[in-house]
Number of protein chains: 2
Amino acid sequence: MSFDLDAFLPYRLSVAATQVSRRFAARYAAEAGLSIPEWRVLAHLSRSGAVSVRDITARVNLDKSIVSRASARLEGAGYLRKSGHAGDQRLVVLDLTDSGRALMERLGRIADEFQAELLTELGDDAPAFRRALLHLAGPTD
Amino acid sequence: MSFDLDAFLPYRLSVAATQVSRRFAARYAAEAGLSIPEWRVLAHLSRSGAVSVRDITARVNLDKSIVSRASARLEGAGYLRKSGHAGDQRLVVLDLTDSGRALMERLGRIADEFQAELLTELGDDAPAFRRALLHLAGPTD
DNA sequence: TTGACATCGTTGCATTTGCAACGATATTTT
DNA sequence: AAAATATCGTTGCAAATGCAACGATGTCAA
């Protein structure tokens, strides 16, 4: 009996992730043309307050080069500011501007709506699904 | 209350998918240095037999340009052959060589092992997880 | 039959990605 | 205190990706 790709979890997981990302991106595309890294940086900053690039890199599961470039674009768009760190000169501290906070408020609503839709679709499987995802994310978190 | 990225399903899903893909890639890297598209094409061909590029594109959730390039590399490596289609000259038919079949047999074993590991890790949540993934993959399948 | 339109696979191109320097600053070791 | 190491963020570069031509073939309609 040959190998069945359709039943293979890494494959299914990847397809599902791509699909869901696309659906979500379509929602916030109307609000702002953010890339996924930009969206993650913004979302994390809105909760953490001012933090360094390295902090975000660790939290948001993206390479530091990606966070660096996403931050540069977000700065250019006026959504965040960069500043030096008092104690450690190597660090670059990121902080949302009012404009960034306002954008994130709108995006947060859209995200919450989308999340609610997903949970409805999943029904009773939602809790187990959430547990499984947390588990598979591995010891990195 | 601000938006919580860590609890956001599309994010968790994406992180989990990346993580699992990496783990799996590490397993088969020793056997053959395949990219993910190459692995998918190979895996699909091993089950479907000779089919066209378009067929694989639809089944394996990849852009046709990606399937085209993956096929070219696999052909170069001697894992598959391309041939014309009798009825429709536009089609390119792909078929595994003996070498390709042999490789896929080894990879299939590795994949099955990995899948078993994942299922063990997930425990009782596995069935719900699988259902959820199938559902989220959307009506495309 | 001829012409308009659709489909197939490949290729070109701009963008994104991941990784490995790199300069600048901190920390640790001797 | 000096020297060796480590860490931070940016940048360069090669490879991968997504999308839109494109040539070639097929199909459909007038």
Side-chain angles (χ1 to χ4, degrees), chain A residues 14-15 17-19 21-26 29 33-42 44-45 48 50-77 80-95 140, chain B residues 14-15 17-19 21-26 29 33-42 44-45 48 50-77 80-95 140:
Chain A
S14 164
V15 171
T18 305
Q19 211 75 16
S21 274
R22 275 191 210 283
R23 282 177 61 187
F24 180 52
L34 296 180
S35 71
I36 287 183
E38 285 159 14
W39 146 258
R40 286 195 193 172
V41 168
L42 203 68
H44 182 65
L45 277 180
S48 69
V51 282
S52 71
V53 169
R54 145 172 152 286
D55 247 306
I56 298 202
T57 292
R59 287 291 194 162
V60 132
N61 234 266
L62 293 172
D63 189 80
K64 58 184 181 168
S65 68
I66 295 182
V67 173
S68 174
R69 291 192 251 248
S71 302
R73 279 189 295 259
L74 289 172
E75 186 186 29
L80 64 77
R81 257 184 312 268
K82 297 186 182 183
S83 54
H85 185 278
D88 190 335
Q89 296 274 83
R90 294 171 304 179
L91 302 182
V92 169
V93 176
L94 307 178
D95 201 7
T140 317
Chain B
S14 164
V15 170
T18 304
Q19 211 76 15
S21 275
R22 275 189 209 284
R23 282 177 62 188
F24 180 53
L34 296 181
S35 70
I36 287 183
E38 285 159 14
W39 146 259
R40 287 195 193 173
V41 168
L42 202 67
H44 183 66
L45 277 179
S48 68
V51 283
S52 70
V53 169
R54 145 173 152 284
D55 247 305
I56 300 203
T57 293
R59 286 290 193 164
V60 131
N61 233 267
L62 294 171
D63 188 81
K64 58 184 183 171
S65 68
I66 294 183
V67 173
S68 174
R69 292 192 249 248
S71 303
R73 279 189 294 257
L74 289 172
E75 185 187 29
L80 64 77
R81 258 184 313 267
K82 297 185 182 184
S83 55
H85 186 278
D88 190 337
Q89 297 273 83
R90 292 170 305 177
L91 301 182
V92 169
V93 175
L94 306 178
D95 201 6
T140 318

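Chain identifiers are assigned alphabetically (A, B, ...) following the order of the sequence lines, protein sequences preceding nucleic acid strands; residue numbering begins at 1 within each chain. Because the structure is a prediction, the values reported are computed rather than measured. In what follows, every heavy atom counts, from backbone to side chain, and hydrogens, waters and symmetry copies are set aside.
Annotation: of the two residues near DNA chain C, A/Gln89 and A/Ser35, the 5′-most nearest-nucleotide partner is A/Ser35. Both A/Thr57 and A/Thr18 lie close to DNA chain D; mapped to their nearest nucleotides by heavy-atom distance, the more 5′-ward contact belongs to A/Thr57. If you find the closest nucleotide of DNA chain C to A/Arg69 and to B/Val92, the one lying nearer the 5' end belongs to B/Val92.
Put simply, A/Lys64 has no side-chain N or O that comes within less than 4.0 Å of OP1 or OP2 on C/dA21. Listed pair B/Ser65 / D/dG18 fails the phosphate criterion, with no side-chain N or O lying under 4.0 Å from OP1 or OP2. In terms of phosphate contacts, A/Arg90 brings no side-chain nitrogen or oxygen within less than 4.0 Å of OP1 or OP2 of C/dA24. In this structure, B/Ser68 does not reach the C/dG9 phosphate: none of its side-chain N or O atoms is under 4.0 Å from OP1 or OP2.
B/Val67 and B/Thr57 make their closest contact through CG2-OG1, 3.6 Å (heavy atoms, listed as atom of the first residue, atom of the second, distance). Nearest heavy-atom pair across A/Val41 and A/Ser71 is CG1-OG, 4.3 Å. Here the closest non-hydrogen pair linking A/Leu94 and A/Leu45 is O-CD2, 3.7 Å.
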Intermediate values then yes/no, side-chain contact (heavy atoms from CB on, under 4.5 Å), A/Leu62 and A/Ile56: CA-CA 8 Å; A/Leu62 293 172; A/Ile56 298 202; over 6 Å; no

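Going from atom CG of A/Leu62 over to atom P of C/dC19 covers 13 Å, rounded to whole Å. Remark: P of C/dT15 and CG of A/Leu34 are 17 Å apart, rounded to the nearest angstrom. Atom CG of A/Leu74 is separated from atom C1' of D/dG9 by 16 Å (rounded to the nearest Å). Between the NE2 atom of A/His85 and the P atom of D/dC8 there is a distance of 11 Å, given to the nearest Å. Rounded to an integer number of Å, the gap from B/Asp63 CG to C/dC8 C1' is 13 Å. Counting to the nearest Å, the P atom of D/dA15 and the CD atom of B/Glu38 are 14 Å from each other. To the nearest angstrom, C1' of D/dA6 lies 14 Å from CG of A/Leu91. Note: CG (A/Asp88) to P (D/dC8) measures 8 Å, nearest angstrom.
Between the side chain of B/Arg22 and the base of C/dG18 there is no donor-acceptor pair of N/O atoms closer than 3.5 Å. For B/Arg54 and D/dG26, a side-chain-to-base donor-acceptor distance below 3.5 Å is absent, hydrogens and geometry of angles not being considered.
Comparing D/dT10, C/dT10, C/dT17 by their nearest atom to the side chain of A/Lys82 picks out D/dT10.
Among the atoms of the strands shown, none is found under 4.0 Å from any heavy atom of A/Gly84.
Between the side chains of A/Arg40 and B/Ser14, a donor-acceptor pair is found at a separation under 3.5 Å.
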